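Worksheet: the structure to be examined is printed underneath.
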Amino acid sequence: MYWRVGFAWSRSCALELSQNKSLSLGLCGSEEHLSLYGYIIAYPLQEYGGIMSALGFDSWWRKTLYITGGALLTAAAYLLHELLVIRKEQELDSEDAIILHQFARPKTGVPSLSPFCLKIETYLRMADLPYQNYFDGKLSPQGKMPWMAYNKVQVCGTEFIIDFLEEKLGVNLNSSLSPQEKAISRAITKMVEEHFYWTIAYCQWVDNVEETQKMLATNGPLSDLLRWILSQVTGSIVKREMHGHGIGRFSKEEVYSLMEKDMRTLATFLGNKKYLMGPKLSTVDAAVFGHLAQAMWTLPGTRPEQLIKGEFINLAMYCERIRRKFWPEWFVDVDDLYYDGLSEEPDSPSQLLDLGLYSRSGSFQEQESALSHHDTPSPDSDITGRSLFDSDMDTECSEIEQLK
């Protein structure tokens, strides 16, 4: 497209000119010069008349365009700030420290809406490893979340993080398992992470995205807009990746049917055991808890909540047992253990503390006085008669020491 430089002094008049100077119009043979002053403009040859009419200062559509564009640019800038700028809540020496990068805490008190973030943080607590949280939203070089830094070494992927910690720090939650039990443990982990995960993600970010959107933690005057943008972007990514995986090619009813089969498998395998592989914790418990906790506490009124708090109640008791033992600051109402068909949110949801540095050693004392009393009796044990409270913690602390 060819462009021409011109001089404009009204909405509909323009003269071709290369610079702002006096013009000799040659009126009636006079030698006098008529000076004109205005704006030097550039316009396409094909449409210069239309462009000229747009130069008015009081064009309503031009003002609307500026306002809309400014609002969108402001929202984009704020979103980039929230997602990419590292906000360090505590400046600590990173030498020999585990730096865990993950998504920000949700507003409802649940530690994370990501099963994998919840898995690895629960694992660190199970292994009694101090760590520092960075809720920065910064993805790993592989584009993954969560990821870990240890002495300037970056490790991505929960499985590789656990392998790294076992090699560098000598922790091993699977030391008491036989080779056959380790094989079963890995098979369960892969079923949960490679199949069950997608059904949970579908319920969170596709079928129940409006409720999930409300849980996102954003600040500022544009927080509602940012939550909507984040939820829509995440939902689009989930649908695209589910389609590539294959499970996204099925109908909604078929996806939930696959979810129910996975949960039934877990409930059957758990049975009356305290943990999946027996009386002692193992790595698979962190993975399964990270996923089941989403169905338990982040999807009110949905099919997975109905299943885990109804037919598969042993899975609910299993989640509650782990929550009480390793997440003392994560408070939930005891009535929330059972599905009653109501999905109303509490008036003032409990906000989980953003613990920048965490170490489990010597910090877990059951505070029963903090529990509210209700007409419905608090379930002190599950259907197998095993305790839900941390009264058995003293005997199990020695187990964790033996795993190191």
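Starting from 1, each residue takes its place in the sequence as its number. Please read these numbers as outputs of a predicted model, since none were measured by experiment.
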Should Leu292 and Phe312 be marked as a side chain to side chain contact (heavy atoms under 4.5 Å, CB included) after you check the CA-CA gap, both sets of side-chain angles, and the distance that decides it?
-> CA-CA 11 Å; Leu292 289 180; Phe312 307 133; over 6 Å; no
Please check if atom [atom1] in [X] has more than 12 non-hydrogen atoms from other residues, nucleotides or ligands closer than 6.0 Å.
| X | atom1 | result |
| --- | --- | --- |
| His243 | NE2 | no |
| Arg227 | CZ | yes |
| Lys239 | NZ | no |
| Lys190 | NZ | yes |
| Phe269 | CZ | yes |

Nearest heavy-atom neighbours spanning Glu305 and Leu299 =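 For Glu305 versus Leu299, the nearest heavy atoms are CB-O, 3.3 Å.
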Do you know which two heavy atoms are closest between Asp285 and Tyr318, and how far apart they sit?
->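 Asp285 and Tyr318 have their closest heavy atoms at OD1-OH, 2.6 Å.
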Find the distance between [atom1] ([X]) and [atom2] ([Y]) and round it off to the nearest 0.5 Å.
| X | Y | atom1 | atom2 | result |
| --- | --- | --- | --- | --- |
| Lys273 | Asn314 | NZ | CG | 9.5 Å |
| Thr302 | Ile308 | OG1 | CD1 | 10.0 Å |
| Thr199 | Arg303 | OG1 | CZ | 12.0 Å |

Donor-acceptor check, side chain of [X] to backbone of [Y], threshold 3.5 angstrom: yes or no?
| X | Y | answer |
| --- | --- | --- |
| Ser185 | Glu181 | no |
| Trp228 | Gln213 | no |
| Gln204 | Ala295 | no |
| Ser231 | Val209 | no |
| Ser257 | Glu253 | no |
| Lys309 | Met296 | yes |

Check step by step if side chain to side chain contact (heavy atoms under 4.5 Å, CB included) holds for Glu159 and Arg186.
-> CA-CA 11 Å; Glu159 183 173 355; Arg186 178 170 177 79; 2.8 Å; yes
Could you go step by step and tell me if Arg125 and Glu121 meet the salt bridge (Lys or Arg N to Asp or Glu O under 4.0 Å) rule?
-> CA-CA 6 Å; Arg125 296 184 176 212; Glu121 190 169 3; 3.7 Å; yes
Does a side chain donor of either Asn174 or Glu166 reach within less than 3.5 Å of an acceptor in the other side chain?
->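 The criterion, which ignores hydrogens and geometry beyond distance, is not satisfied for Glu166 and Asn174.
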Assess whether side chain to side chain contact (heavy atoms under 4.5 Å, CB included) is satisfied between Tyr150 and Asp96, documenting all intermediate values.
-> CA-CA 6 Å; Tyr150 182 80; Asp96 295 330; 3.8 Å; yes
For a side-chain contact (heavy atoms from CB on, under 4.5 Å) with Arg264, tell me which candidate from Leu266, Thr268, Asp262 qualifies.
->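 Single side-chain contact (heavy atoms from CB on, under 4.5 Å) partner of Arg264 among Leu266, Thr268, Asp262: Thr268.
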Begin from the C-alpha positions of Lys119 and Thr158 and carry the test side chain to side chain donor-acceptor pair (under 3.5 Å) through to its verdict.
-> CA-CA 8 Å; Lys119 166 194 172 180; Thr158 58; 3.0 Å; yes
Ring pair (Phe, Tyr, Trp, His ring centres under 6.0 Å) with Phe116: which residues, sequence neighbours excluded?
->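 Counting only residues at least two positions away or on another chain, Phe116 forms a ring pair (Phe, Tyr, Trp, His ring centres under 6.0 Å) with Tyr197, His291.
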When you check the gap from the basic side-chain N to the acidic O, do Arg105 and Glu329 get nearer than 4.0 Å?
->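 Between Glu329 and Arg105 there is no salt bridge, as every charged N stays at least 4.0 Å from the carboxylate O atoms.
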Do NZ/NE/NH1/NH2 and the carboxylate oxygens of Glu320 and Arg324 come within less than 4.0 Å?
->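 Yes, this pair counts.
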Give the C-alpha distance, both sets of side-chain angles, the deciding distance and a yes or no for side chain to side chain contact (heavy atoms under 4.5 Å, CB included) between Thr265 and Phe196.
-> CA-CA 11 Å; Thr265 299; Phe196 180 64; over 6 Å; no
